[in-house]
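A short worksheet on the structure shown next.
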Amino acid sequence: MTGQLSELESQLKTLQTEAQQAIATADTLDALEQLRIQYLGKKGQLSVVLKVMGKLDAGDRPRIGSLANQVKTALQDDLEQRRESLESAAIEARLASETLDVTMPGVYTPQGKLHPLTQTVDRALDIFMGLGYTVAQGPEMESDYYNFEALNTPDDHPARDMQDTFYLPDGNLLRTHTSSIQIRYMENNDPPIRVAAPGRVYRRDTVDATHSAVFHQLEILAVDKGLTFTDLKGTVKIFLKEMFGDLPIRFRPSFFPFTEPSAEVDVQWRGRWLEVLGCGMVDPNVLKAVGYDPEIYTGFAAGFGVERFAMVLHQLDDIRRLYNSDLRFLRQF
Ligand code: DAH
């Protein structure tokens, strides 16, 4: 064996050991690629060593050739293995960092909701807006004029006893119904009108399962040429059907000072008739009070009890639940 031959052999072995150590500790795929180029590339260290092969005796060449091939194959194997383990480590790391633990308890974010009474009013208003009505409001503190007088209910009128009123020290009162908004709206608008007016109303009632001193009404008013009781009836029927579906309803003759004729409407609920609204054709005196000519215009009006609607919609047994702010109750809506 010539000295040159053994020197080459040991160079190749050193190269293999060095390269294998470097490959084993390479910690990125980029670094690994650099090593491949450095050792096995066209101008890499293995080629440099093999260039000297030409100077060897022809008989020695195969020996070096095959050793060089072994080194090359060994390094290629190592590179390949290292590459696989780096790649799978990268996948492992990604999986670990993106793991979603579906058994982890959720983060509770309390969510606000609309009060069932507000939901009921909104639902009713939606229906009337669909029928072409606009929404109006009025003050809760009213004068005697808007609450009674202009609604054809003079001072000595017995109908005043129907509604036990909270009077204020200054002579004003807390409105006993949303009908006061009819007057205010007509004073500021010319016919034809279609208006829906929700609001809070007050009466000196003893509180029980179906009465409250503060409750809610929704008033509607339509004034136009040629409106008749049929229009009123059709409107009320369509509204109640949209609101409750196919519950049986009935119209009953009634009396209100501001309508003539007047009616009350009941829906059948839990086997009995429950009154949900009063209505009628606007009394000519009311039209006169706001300067409309009753010879030209007629109108119809209705006042709905919002609490009653909520009771039927949500199967409530006691309206006091609507005012107690008990979250166990309110969260159900
Ligand atoms: N304001 C009446 C009440 O509170 C209800 C009512 C009846 C309203 C007839 C109306 C109506 O608009 O036409 O009992």
Side-chain angles (χ1 to χ4, degrees), residues 121 124-125 128 131 133 135-140 142 144-153 157-166 173-187 193-205 210-224 227-237 239-240 249-267 274-287 289-290 292 294 297-309 319:
V121 170
L125 286 178
F128 282 112
L131 294 171
Y133 285 64
V135 178
Q137 285 185 311
E140 291 177 25
E142 264 301 4
D144 186 276
Y145 178 78
Y146 287 108
N147 196 80
F148 291 123
E149 185 106 29
L151 285 161
N152 196 34
T153 320
H157 199 288
R160 289 209 178 196
D161 299 341
M162 286 164 68
Q163 306 179 352
D164 224 345
T165 310
F166 283 116
L173 49 84
L174 295 178
R175 70 179 174 202
T176 59
H177 52 186
T178 43
S179 304
S180 51
I181 306 173
Q182 289 188 26
I183 305 300
R184 291 185 174 273
Y185 192 84
M186 287 190 284
E187 277 185 352
I193 57 173
R194 302 234 180 328
V195 67
R200 195 173 285 156
V201 301
Y202 301 82
R203 288 188 203 174
R204 291 163 59 112
D205 267 337
T210 51
H211 292 88
S212 166
V214 186
F215 57 104
H216 299 77
Q217 287 187 336
L218 174 63
E219 193 86 10
I220 62 149
L221 170 70
V223 180
D224 207 339
L227 287 181
T228 68
F229 198 87
T230 311
D231 298 307
L232 166 62
K233 220 173 156 181
T235 303
V236 167
K237 270 185 164 173
F239 168 73
L240 291 177
I249 64 169
R250 73 174 181 196
F251 283 73
R252 259 186 304 112
S254 183
F255 171 81
F256 298 101
F258 30 89
T259 43
E260 180 59 35
S262 306
E264 282 174 312
V265 178
D266 307 328
V267 301
L274 181 72
E275 183 206 324
V276 291
L277 66 97
C279 61
M281 299 306 291
V282 179
D283 192 289
N285 286 340
V286 174
L287 296 176
V290 296
Y292 288 6
Y297 295 105
T298 53
F300 62 79
F304 306 79
V306 176
E307 276 78 357
R308 292 282 171 95
F309 282 6
I319 61 167

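Position 1 is the first residue of the sequence, and the numbers go up from there. Each ligand, and each atom within it, is numbered from 1 in the order the structure gives.
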From CA spacing to verdict: ring-ring contact (aromatic ring centres under 6.0 Å, His included), Y133, F239: CA-CA 12 Å; Y133 285 64; F239 168 73; 9.7 Å; no

Can you find a non-hydrogen atom of S262 under 4.0 Å from ligand 1? no

Going by the order shown, which atoms of ligand 1 are within less than 4.0 Å of some heavy atom of Q217? 3 (C), 4 (O)

Does E264 come within less than 4.0 Å of ligand 1, judged by its heavy atoms? no

Look at the rings of F258 and H177 and say which category their plane angle falls in: under 30° parallel, 30 to 60° tilted, over 60° perpendicular. perpendicular

Quick one: which ligand 1 atoms are inside 4.0 Å of a heavy atom on G280? 13 (O)

Any N/O of A301 closer than 3.5 Å to an N/O of ligand 1? yes

Atoms of ligand 1 less than 4.0 Å from S179 heavy atoms? 1 (N), 8 (C)

Given 3.5 Å as the limit, does a donor-acceptor pair link the side chain of R175 with the main chain of P139, or not? yes

Looking only at heavy atoms of F258, does any of them come nearer than 4.0 Å to an atom of ligand 1? yes

Should one rank R175, R203, E260, E219 by closest heavy-atom distance to atom 4 (O) of ligand 1, which comes out on top? R203

Here the salt bridge (Lys or Arg N to Asp or Glu O under 4.0 Å) pairs for residues 251-262, sequence neighbours left out, are R252-E264, R252-D266

Would you find a donor on one side and an acceptor on the other, under 3.5 Å apart, between the side chain of T153 and the backbone of L151? yes

Between Y146 and E187, is there a side-chain donor-acceptor contact under 3.5 Å, judged purely by atom types and distance? yes

Heavy-atom contacts with Q182 under 4.0 Å: which atoms of ligand 1 show up? List them by number with element. 12 (O)

With no hydrogens and no angle check, is any side-chain donor or acceptor of E307 less than 3.5 Å from a backbone partner on H216? yes

List every atom of ligand 1 that sits less than 4.0 Å from any heavy atom of T259, numbering the atoms from 1 in the order shown and giving each element. 13 (O)

